[in-house]
Novice: 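Just dropping this structure here.
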Amino acid sequence: MDLAAADRHLAARLPQGVLRPVAPAYLEEPRGRYQGQAGLIAAPRDLDEVAAVIRACAEARVPVVPRGGGTGLVGGQVMPQGPLPLILSLERMRRIRGVHADEAVMIAEAGVSLHEARAAAADAGRQFPLSLASQGSAQIGGVLSTNAGGVNVLRHGNARALCLGIEAVLPSGEILHDLKRLRKDNTGYDLRDLLIGAEGTLGVITGAALVLAPVPAESGVAMLVVESPEAALRLLSMAQTRLAGCVTAFELIAGQGLEFLAEHFPQTRQPFAVRPEWAVLVEVGLPEGLPAQDALERLFGAGCEAGLVSDGVIAQSGQQAAEVWALRETIPLANRAVGAIASHDISLPLSGVADFIREAGAMLGAEGDMRINCFGHLGDGNLHYNLFPAAGRQRGDYDAVRHDLSRRIHEMVVARGGSFSAEHGVGRLKVADLARWGDPGRLAAMRAIKAALDPAGIMNPGAVLSF
């Protein structure tokens with residue numbers, strides 16, 4: 001039986017007070033690639049109401065599109081085609097159910113924003129180390145459903161590594177009570193890890209037990225000029241050797257991104273009079289008695305002596321550190337102001353990063369006149385490799401070639417053992433890519449899991465898997 005549209009007959013079966021007006025914001029996604037649709041929008045207040053909504057949709061065979069903060073960049077939060085879905089928003093489930101500081105665990109509902117979770121951890125003298133530019137809007141349910149990454153993956157891991165247990169509603173409406181605060185629990189299949197990263201296709205995460213971390217006694221930030229991506233990688237290895245386990249972030253910044261900042265955000269302070277071709281942002285967090293500025297100064301000196309670093313600035317205060325990070329976090333906004341031809345969220349083994357950057361640049365240079373802004377989380381091999389029109393040209397000038405260029409970039413990544421989706425997920429944007437490059441055995445297992453848990457196919461249809 002085909003799926004049916006959400007309509008007034010379904011509305012009559014839902015708990016009272018859960019429906020929301022179909023406002024435009026629920027039908028949009030940040031990059032404007034997709035325009036969503038909806039028959040109904042439900043915003044349950046608690047776990048039982050989520051279960052009642054999913055149960056009603058399962059019985060009526062109505063598609064459900066779970067929605068968090070709507071910050072995802074691959075279209076997983078909108079459904080542009082098919083029968084009108086019910087959009088399930090977790091916006092009203094915003095309680096911090098408990099902070100267990102001595103255990104370094106926090107229990108948060110899915111609608112809690114990342115900013116709120118980080119603030120609650122800070123109030124308890126801890127930190128929730130997942131850090132994204134969109135943390136004011138991104139919600140815990142969404143970051144777990146997409147296994148979000150961010151700038152601190154090098155030290156603390158993706159969202160998956162920061163979750164001990166979850167509470168969720170399965171496609172049947174059955175509740176999964178697995179909200180445990182345990183580090184060790186070998187009692188069968190790990191359904192937590194199955195639902196994390198599933199992008200709402202296997203159920204709806206409603207709550208999570210989150211891992212907290214100590215706040216470093218000493219922290220420091222530096223921006224260092226390097227000759228090349230090869231030099232950046234050698235500096236990364238040096239930093240990890242000298243400061244074992246204490247490097248929190250290691251970000252690669254291209255000169256092209258700094259030029260975009262100067263053009264569109266001139267108020268953003270840049271530390272160098274002459275914009276470098278390549279730089280890295282390094283953040284360290286150290287125990288008491290080990291001054292972070294001293295450690296960064298020694299790293300700077302060692303990098304210079306090895307011929308890896310030619311210039312740099314080390315933040316002398318919290319304000320200066322915030323300014324350096326503001327520069328990095330404004331780069332995506334500058335990219336958006338320019339308007340990308342195509343954007344790529346890729347990851348590579350560290351040993352293949354420099355060759356990829358060099359060879360992809362040569363390939364694109366032979367294809368036409370365009371600008372490349374390659375930046376991102378070098379410490380974990382995740383690059384945002386984005387293409388932009390040449391100065392004086394428009395993104396529309398490249399419509400005939402942009403899909404082919406993206407395909408060729410992804411082919412180069414996959415051939416080097418990398419991924420065409422490092423931290424943004426698959427959503428709807430990369431379904432064809434997954435079908436093309438995914439391992440057949442893995443795809444078969446994923447389809448079998450989907451069929452077993454969601455036989456009617458109501459959960460976020462069209463996302464992640466093609467059938």
Side-chain angles (χ1 to χ4, degrees), residues 115 118 122 127 129-136 149-156 215-227 229 231-233 235-236 238-240 242-243 246-286 290-304 308-335 337 373-380 382-384:
H115 173 77
R118 287 169 60 85
Q127 63 165 328
L130 184 64
S131 180
L132 308 172
S134 59
Q135 63 188 33
V151 299
N152 294 336
V153 171
L154 174 63
R155 184 166 184 172
H156 297 285
V215 178
E218 299 278 348
S219 62
V221 174
M223 189 169 174
L224 308 178
V225 175
V226 293
E227 181 68 22
L233 287 161
L235 183 65
L236 169 63
M238 177 183 289
Q240 290 180 306
R242 298 174 68 95
L243 300 162
C246 295
V247 182
T248 302
F250 198 96
E251 299 285 300
L252 182 68
I253 297 174
Q256 184 63 76
L258 299 178
E259 290 184 16
F260 287 165
L261 278 177
E263 179 181 354
H264 292 280
F265 292 87
Q267 70 276 19
T268 300
R269 294 184 60 183
Q270 297 201 26
F272 306 112
V274 178
R275 281 188 286 278
E277 185 174 355
W278 296 101
V280 294
L281 187 161
V282 186
E283 179 172 304
V284 298
L286 299 172
L290 298 176
Q293 287 188 10
D294 292 351
L296 288 170
E297 287 174 3
R298 289 192 293 272
L299 177 64
F300 175 78
C304 290
L308 305 177
V309 176
S310 60
D311 197 0
V313 294
I314 298 173
Q316 301 298 305
S317 66
Q319 176 63 31
Q320 289 183 2
E323 289 176 357
V324 174
W325 269 114
L327 180 152
R328 163 62 182 87
E329 291 173 351
T330 308
I331 288 174
L333 300 180
N335 286 348
N373 187 14
C374 172
F375 69 103
H377 320 305
L378 184 63
D380 55 60
N382 178 194
L383 301 176
H384 300 300

Novice: Considering only residues two or more places apart or on different chains, which pairs with a residue in residues 261-285 satisfy side chain to side chain donor-acceptor pair (under 3.5 Å)?
Specialist: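 Every pair satisfying side chain to side chain donor-acceptor pair (under 3.5 Å) with a residue in residues 261-285: Arg269-Glu323, Glu283-Trp325.
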Novice: Where is the tightest heavy-atom contact between Val247 and Ala239, given as atom of each residue plus distance?
Specialist: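 Scanning both residues, the minimum pair turns out to be CG2-O, 3.8 Å.
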Novice: Nearest 0.5 Å please: distance from the CZ atom of Phe260 over to the CG atom of Asn373.
Specialist: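 It comes to 6.0 Å.
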Novice: Output yes when a side-chain donor or acceptor of Arg328 lies under 3.5 Å from a complementary backbone atom of Val151, and no otherwise.
Specialist: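 Checked: no pair found.
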Novice: To the nearest 0.5 Å, what is the distance between NE2 (His377) and CG (Leu154)?
Specialist: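 Here the rounded value is 11.0 Å.
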Novice: If you take all heavy atoms of Val280 and Ala232, which pair is closest and at what distance?
Specialist: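 So the minimum-distance heavy-atom pair works out to CG1-CB, 3.7 Å.
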Novice: Atom CG in Leu243, atom OG1 in Thr248: separation rounded to 0.5 Å?
Specialist: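 Rounded to the nearest 0.5 Å, the CG-OG1 separation comes out at 10.0 Å.
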Novice: Under 6.0 Å from the CD atom of Glu227, do we count more than 12 heavy atoms belonging to anything else shown?
Specialist: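 No, the 6.0 Å shell around CD holds no more than 12 heavy atoms from other groups.
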Novice: Could you check whether any side-chain heavy atom of Gln127 comes within less than 4.5 Å of a side-chain heavy atom of Pro129, counting everything from C-beta outward?
Specialist: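 The answer is yes; the side chains approach within 4.5 Å.
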Novice: Out of curiosity, Arg242 CZ to Leu296 CG, how far, rounded to the nearest 0.5 Å?
Specialist: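 Atom-to-atom, Arg242:CZ and Leu296:CG are 11.0 Å apart.
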Novice: To check you understand the geometry: which heavy-atom pair defines the closest contact between Arg118 and Ser131, and what is its length?
Specialist: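 The pair with the smallest heavy-atom distance is NH1-CB, 3.8 Å.
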Novice: Tell me the closest heavy-atom pair linking Leu286 and Cys246, and the distance in Å.
Specialist: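 Reported closest heavy-atom pair: CD2-CB, 3.4 Å.
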Novice: What is the distance from atom CG of Asp294 to atom CD1 of Ile314, rounded to the nearest 0.5 Å?
Specialist: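 One finds 9.0 Å between CG of Asp294 and CD1 of Ile314.
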Novice: I'd like to know whether His156 forms a side-chain contact (heavy atoms from CB on, under 4.5 Å) with Leu130, so could you lay out the CA-CA distance, the side-chain angles of the two residues, the decisive distance to 0.1 Å, and finally the verdict.
Specialist: CA-CA 8 Å; His156 297 285; Leu130 184 64; over 6 Å; no
Novice: Does Thr330 reach the main-chain N or O of Leu333 with its side chain, forming a donor-acceptor pair under 3.5 Å?
Specialist: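 Flag not set: sc Thr330 to bb Leu333 has no pair under 3.5 Å.
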Novice: Please test Leu327 against Val324 for side-chain contact (heavy atoms from CB on, under 4.5 Å), starting from the C-alpha separation and ending with a verdict.
Specialist: CA-CA 5 Å; Leu327 180 152; Val324 174; 5.7 Å; no
Novice: Let me see the working for Leu224 and Leu235 under side-chain contact (heavy atoms from CB on, under 4.5 Å), right down to the final yes or no.
Specialist: CA-CA 10 Å; Leu224 308 178; Leu235 183 65; 3.9 Å; yes
Novice: Ignoring hydrogens, what is the shortest heavy-atom contact between Pro276 and Leu258? Give both atom names and the distance.
Specialist: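 Between these two residues, the closest heavy atoms are CD-CD1, 3.8 Å.
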Novice: Check side-chain hydrogen bond (donor to acceptor under 3.5 Å, both in side chains) between Asp380 and all other residues, then give those that pass, not counting sequence neighbours.
Specialist: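 Once residues adjacent in sequence are excluded, Asp380 has no partner under the side-chain hydrogen bond (donor to acceptor under 3.5 Å, both in side chains) criterion.
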Novice: If you compare all heavy atoms of Gly220 against all heavy atoms of Ala292, which two are closest, and at what distance to 0.1 Å?
Specialist: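 Looking at all heavy atoms of both residues, the closest pair is N-CB, 3.5 Å.
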Novice: Could you state the interatomic distance from CD1 (Ile253) to SG (Cys374), rounded to the nearest 0.5 Å?
Specialist: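 Ile253 CD1 to Cys374 SG: 11.5 Å, rounded to 0.5 Å.
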Novice: Got a sec, which residues hit ring-ring contact (aromatic ring centres under 6.0 Å, His included) with Phe375, two or more places apart in sequence or on another chain?
Specialist: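 By the ring-ring contact (aromatic ring centres under 6.0 Å, His included) rule, Phe375 matches His384.
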